Amino acid sequence: MEIVKSICPFCGVGCGVELYVDSSIVRLSPSKEHILSKGHLCGKGTLSFEPVYSWDRVTYPLKKIKGEHIRISWEEAINDIVNKIKEIIQYGKDSIAFYGGCQNTLEENYLMQKLARAIGTNNVDSCARVCHEPSAMALKEMVGIGASSISAEMIPKMKVVVITGESVTESHPVLSQYLTEAKIKGTKIVVIDPRINGTSKFADVHLRPKPGTDIALFNAVGNYLIENSLIDEKFIKERTVGFNEYAKGVSKYTLDYAEKITGILKEDIENFAKLISQKGVIFAWGLGLTQSSGVDGVRSYIDLALLTGNIGKYGGLLVFRGQTNVQGAGDIVKPNVFPNGAMNEENAQKLLKIWKFKPPTNPGLSVTNALLRDNKIRAIIFMGYNPLISMPNREKVERKLRSLDLLVVIDPFMTETAKIADYVLPAALWVEKEGSVANLDRLVKWRFKAIDPPGEAKPDYEILKELAEGFGYSFNSDPKEVFEEMKKVSPTYSNLSLDEIMDYSSNSRYPNHEVSLYEEKFNTEDGKARFIFREQHEVKNGMILITVRNVTRYNTDVVTGRIPGFGEYSTPIYISSDDATELKIRDSEEVSVISNCGKMNFKVKISNEVPKGVAMMYMHDPKVNYVVC
Ligand code: SF4
């Protein structure tokens, strides 16, 4: 039996797996040599190969004719799509857009944005836009690289680990091993999250701010640290800029004010501030921060690491990214940045030398702007992306998708987005192709091919190559050669070799194999980090809905829902007993949930996990985004 190495297709930990192949995959085991997962897998990772054999894979190209998807040949599909795009281009090259998913490999994302730019548009993006693009933006502008500064491996070496808007036990289960080890060694674990979750249950401190009030909390902590001389003055003087403006900005954020806004007792805020004033603190965060407080929330959080000198030698910033290659997709595919850096003439000329065509230099539209704002886009090609279910404001997204002149979906399954597409192109799943992925702490690893795709399904890189040929471009689609080309283009990946990313025991972290970045200097032009002060955003009245992850499910549940025995997922809406009493709602009763953008019925679950004023649902239910705005 052949053993083929690969990387779990789900969360951003990117655990190493071994596939046992005897013409088909018979079982999957954890890879003991993998430098981060160290022989561990969570439940859904263990079963991740099962959906490969699902009976309802898309196995040949489909075209929608009179409302029905009809089988066509690859030749007809590629010719039709290319001709249709050529027709639509008369409305301007920016009427076309390509948006990719974060399960696709670096090479596939690289080829997708290259094809869009060959056609003449920068309308490219990935689903990283709605999860950690705020993290990437804040990190890039404040410390220089839009990625975690420290590896999760360092957690047990810290005095304090602060986890904001994330439950490791549910969302990134394999990293729990590091929290357990840390706890045994005496590291203090702080969880900042409005709900009680698996991680908060074993944390030393649990702060429960009202959703969306993180900035007030962080600013008040910053102000307290400054007023009580608990800051690292030497670090601030030698390694940062913008401290005076920051200090002035946070000066009005008193503990009393923060208590009023966040609902956290001022004594608890004070104790938290004292805890993080030590050396050896990791500031980690997940979607709970980015989706509640956006890029300003992340900026205010990073400010605390700068104030206390906990980035570089002593601590760091760790982003709990949600998908296997969300870091890589976000690095390579952006509508306003080239894969080789800023979108300007100089970088366009450098790309011309490698690509043999010059990309346009006007910024394109992000996927959120394309689907949720007025624009002139008439054709969208989605690769491994199911926005009809994953984007907020579902009704608006559906209206836009249905209004397009051309909607193409490249996917292994008939997703909800594929169901309304004009063309569906059958894609290979992760075990049926090869390529690299970048995980949540900058670790890049190669996935090896274990089996052939079913029917006429093809790897996305083959499909992109055929589309490019339709436009007269010859793209090399061999993943290893694409990786080498990407290295020439992207300085981020240029110091990694294929050999090391194929070795699961190697520290193949970009840019230069650092477990911890910025020990000497930051990656900004002057080598210094930037403080950025931001005011607390307006906090809306009424009940606030938050969405979270279930440990057994993954994103829109297209893949995990096909693990035998898992079945369709539906979530109740969790509310506190105080709210239930006030609203006269009984447990298990069906209620109408009305939000600023939609309405849907859900069953109620009364739970002490959520505080008064907060409602919670799991994100995997396809109905959730009818009411998430
Ligand atoms: Fe897969 Fe994440 Fe589970 Fe690891 S922790 S096995 S990457 S889902």
Side-chain angles (χ1 to χ4, degrees), residues 4-20 25 27-52 101-106 127-128 131-132 148 151-153 155 163 166-181 197-199 284 286-287 318-329 384 390 429-431 435-448 450 501 504-505 508-509 548-563 566 569 618-620:
V4 180
K5 292 196 303 189
S6 193
I7 299 296
C8 172
F10 298 135
C11 86
V13 182
C15 296
V17 303
E18 288 177 355
L19 300 155
Y20 287 71
I25 303 168
R27 74 180 172 92
L28 174 154
S29 291
S31 155
K32 290 204 178 79
E33 63 169 345
H34 191 276
I35 186 172
L36 185 64
S37 56
K38 295 188 190 302
H40 293 266
L41 288 178
C42 73
K44 63 179 174 283
T46 309
L47 299 170
S48 54
F49 74 96
E50 300 266 11
V52 170
C102 297
Q103 288 309 304
N104 288 98
T105 61
L106 275 160
C127 54
C131 56
H132 277 294
S148 296
S151 163
E153 284 176 67
I155 288 173
I163 301 167
E166 154 81 13
S167 178
V168 177
T169 50
E170 278 101 348
S171 304
H172 300 88
V174 163
L175 294 185
S176 304
Q177 63 179 305
Y178 294 106
L179 290 180
T180 315
E181 192 187 334
N197 58 44
T199 313
L287 289 187
L318 181 61
V319 193
F320 287 114
R321 286 176 171 261
Q323 302 197 59
T324 320
N325 191 39
V326 62
Q327 180 64 55
S390 65
L429 266 168
W430 61 292
V431 292
S436 59
V437 290
N439 87 337
L440 57 75
D441 62 5
R442 298 174 281 107
L443 188 68
V444 182
K445 290 291 171 217
W446 191 260
R447 275 196 187 126
F448 295 84
I501 68 171
Y504 284 11
S505 65
S508 48
R509 289 189 172 87
V548 300
R549 286 191 157 99
N550 183 311
V551 67
T552 62
R553 302 291 171 148
Y554 178 71
N555 288 8
T556 60
D557 204 33
V558 169
V559 182
T560 40
R562 284 174 169 84
I563 294 173
F566 274 41
Y569 188 76
Y618 287 102
M619 64 188 283
H620 320 288

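Owing to the predicted nature of the structure, the values given are computational and were not obtained by experimental measurement. Both ligands and their constituent atoms are indexed starting at 1 by order of listing.
Here is the list of ligand 1 atoms found below 4.0 Å of a heavy atom in V174: 4 (Fe), 5 (S). For ligand 1, the atoms closer than 4.0 angstrom to any heavy atom of G45 are 6 (S). Of all atoms in ligand 1, numbered sequentially from 1 with element shown, those under 4.0 Å from a heavy atom of F10 are 8 (S).
Contact annotation: for C42 versus ligand 1, heavy atoms closer than 4.0 Å belong to both the backbone and the side chain. Of the heavy atoms in K44, only side-chain atoms (C-beta onward) come closer than 4.0 Å to ligand 1.
Distance check: R549 CZ to N555 CG gives 5.0 Å after rounding to the nearest 0.5 Å.
The aromatic rings of H620 and Y618 sit parallel to each other, their planes meeting at less than 30°, with 60° as the upper class boundary.
Side-chain atoms of N325 do not come within 3.5 Å of backbone N or O of C102 as any donor-acceptor pair. Side chain of Y504 to backbone of W446: a donor-acceptor contact under 3.5 angstrom is found.
When side chains are defined from C-beta on, K38 counts as touching Y178, because their heavy atoms get closer than 4.5 Å. Counting only heavy atoms from C-beta outward, the side chains of Q103 and V559 never approach each other to under 4.5 Å.
S37 and H34 form a side-chain donor-acceptor contact under 3.5 Å, judged by distance and modelled atom types alone.
Residue, atom and distance of the protein heavy atom nearest to atom 2 (Fe) of ligand 1 are C11 SG, 2.3 Å. At the shortest separation from atom 4 (Fe) of ligand 1 among protein heavy atoms lies C15 SG, 2.3 Å.
Residue C8 counts as close to atom 1 (Fe) of ligand 1, with an N, O or S atom under 2.8 Å.
Remark: distances from the non-hydrogen atoms of P173 to ligand 1 include one below 4.0 Å.
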